[in-house]
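The structure under discussion appears below in the form of structure tokens.
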Amino acid sequence: MASSLVPLSAPHPSWFTPRRLLVIFCVINMLNYVDRGTIASNGVNGSLGTCTSSGTCTSGSGIQGEFNLNNFEDGVLSSAFMVGLLVASPIFASLAKSVNPFRLIGVGLSVWTLATAGCGFSFNFWSITICRMLVGVGEASFISLAAPFIDDNAPIAQKTAWLAIFYMCIPTGYALGYVYGGLVGTYLNWRFAFWVEAILMLPFAVLGFVMKPLNLKGFAPAESKQALISEEMAVQEVQEALNHSAKPTKEKFSHMFSKMKCTCIDLNQFSRFIKDIKALLVDKVYVVNVLGYCAYNFVLGAYSYWGPKAGYKIYNMSDADLIFGGITIVCGILGTLAGGYVLDLMKSTIPNAFKLLSVTTFLGAIFCFTAFCFQNMYAFLAFFSVGELLVFAIQGPVNYICLHCVNPSLRPLSMAISTVSIHIFGDVPSSPLVGVLQDAINNWRETSLILTSILFPAAGIWFIGIFLHSVDRFNEDSEGQVTEVDRSNATPLLEPRVTETSDSSAS
């Protein structure tokens, strides 16, 4: 009996705890969004050269000045990552059923590191655009798999708070990116900003390959491997039986069998993927949540990209990067953490999450809209800070709904589709569209007011979710539910290794 218990404790990591998992994922997430803030900062993004009526011209700065980009092309740079994210997110989410997610994260972060370094070596608009697309591939592997891991290992009473800590890195990363990009662009060169990012991410890419992997709730990689081994043994037996027959017959049937096997596996994987997509699209709670998130992200995406430039033009902020960065850091941290903790205090349920989403977004929209009506910069900063504080409170609750309204085996795909949707219908079109709108009306105040008003429909959509019938499916069994053996291999983060060893010895 003692020998049968050895494999259960052998794979357990000795140092890898839930808090360390959270810290690692938070740092990776922050670096990812530091990159977003960096390319939006005035120091890296730059501006076009200008000429006065007297004929005096000044050269442009940053990416926009060096590559001579108009506002639309400049906006495309902030959205180009979406191409890679759109293609890669469903692929990584589906592969999680057959390949360990930690290894997938390692692959994605390696692509991200190389692509970010490539941005620093770009030589024209198209070269940097392609690199930004590949950055999206790297993000796809991480963003759809990290949240399920955190939700699995967080204490039951603090699940939303842990998710809030993770998503707090989004505004914090953006803000640090503004400051970081402004400083690097001013004192060095915008290319150095991307090279330093690549160096900082490299250790985490390596960690994805060398760190002892864990399983996600609702998945059973060990069972899949066992099934694959059994299938290979069956093929071997068939081939051995064919050894007694004529060689031409053996080769013919062996080739046919292998072809049929590959085709069957591919068709099964594709049909399972289509089935999972349908399950998400018919889930009213999931759809309403993502629709509200899309409208919300449309505004936040344009804020993050055009905010420093709009602040500079409207209020003549000489240090727009630092001001917007500072506000976003403080409000992002406080607002995101507050949203997660308040939902945990209210009791983490899907209806309560929708209540929090609709109320905070509506109030935040009022404050942000009012802020842009002020002529005085200090009044603007005061109201806009309160608005951002309220708006950022949605990060924990909205992702809690995405994770808990679906079956455990669908969580990676749920996060992937949510991420793809909020980008393709949110911040991807918003940045270039706001650029087109500003080119047309040439008034940053009016442009900002029109953009901010979209937060009101977002609050309305989430308000509808309060009245939808919802079921928390986090603890439901699923098609790929883990066995008791696999469950023990998936939970070493929650129990000390010493305890497990002593239990095994006692048995």
Would you say [X] and [Y] make side-chain contact, with heavy atoms under 4.5 Å?
X	Y	answer
Y303	C368	yes
V196	V184	no
Y167	F392	no
I394	T360	yes

Could you tell me whether a side-chain N or O of [X] sits under 3.5 Å from a main-chain N or O of [Y], the two making a donor and an acceptor?
X	Y	result
Y180	A193	yes
N289	V398	yes
N189	F192	no
T452	L449	no
R191	S122	yes
S430	V299	no
N399	Q395	yes
W306	S431	yes
N29	C169	no
T361	A459	no

Relative to each other, are the rings of [X] and [Y] parallel, tilted or perpendicular (30° and 60° limits)?
X	Y	result
F374	F383	tilted
Y400	H404	parallel
W462	Y296	tilted
F25	F166	perpendicular

Search all heavy atoms of [X] against all heavy atoms of [Y] and return the closest pair with its distance.
X	Y	answer
K284	L468	O-CD1, 3.8 Å
S421	C294	O-SG, 3.4 Å
I327	S385	CG2-OG, 3.8 Å
A161	D344	N-OD2, 3.0 Å
A279	L410	CB-CD1, 4.0 Å
F369	C373	O-SG, 3.4 Å

Judged by modelled atom types alone, do [X] and [Y] share a side-chain donor-acceptor pair under 3.5 Å?
X	Y	result
T38	D35	no
Q438	T447	yes
Y286	S418	no

Practice prompt. Apply the test side-chain contact (heavy atoms from CB on, under 4.5 Å) to residues F204 and T113: give CA-CA distance (whole Å), side-chain angles for both, the deciding distance (0.1 Å), then the verdict.
Written response: CA-CA 10 Å; F204 296 100; T113 302; over 6 Å; no

Worksheet entry | Verdict with reasoning, L207 to I24, per side-chain contact (heavy atoms from CB on, under 4.5 Å) | CA-CA 10 Å; L207 196 63; I24 289 172; 3.9 Å; yes

Item to complete: Carefully, step by step, assess I150 and L22 under the rule side-chain contact (heavy atoms from CB on, under 4.5 Å).
Response: CA-CA 6 Å; I150 293 172; L22 179 64; 3.9 Å; yes

Discussion item. As a quick check of understanding, evaluate ring pair (Phe, Tyr, Trp, His ring centres under 6.0 Å) for F384 and F367, giving each step before the final call.
Written reply: CA-CA 6 Å; F384 190 72; F367 275 92; over 10 Å; no

Item to complete: Scan F380, F372, W444 and name whichever one has a ring-ring contact (aromatic ring centres under 6.0 Å, His included) with Y315.
Response: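 Only match with Y315 under ring-ring contact (aromatic ring centres under 6.0 Å, His included): F380.
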
Practice prompt. Would you check, one step at a time, whether the test side-chain contact (heavy atoms from CB on, under 4.5 Å) holds for S358 with F354?
Written response: CA-CA 6 Å; S358 57; F354 274 124; 5.9 Å; no

Practice prompt. Would you check if the distance from the ring center of F456 to the ring center of F362 is below 6.0 Å?
Written response: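 Distance test on ring centres: under 6.0 Å, yes.
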
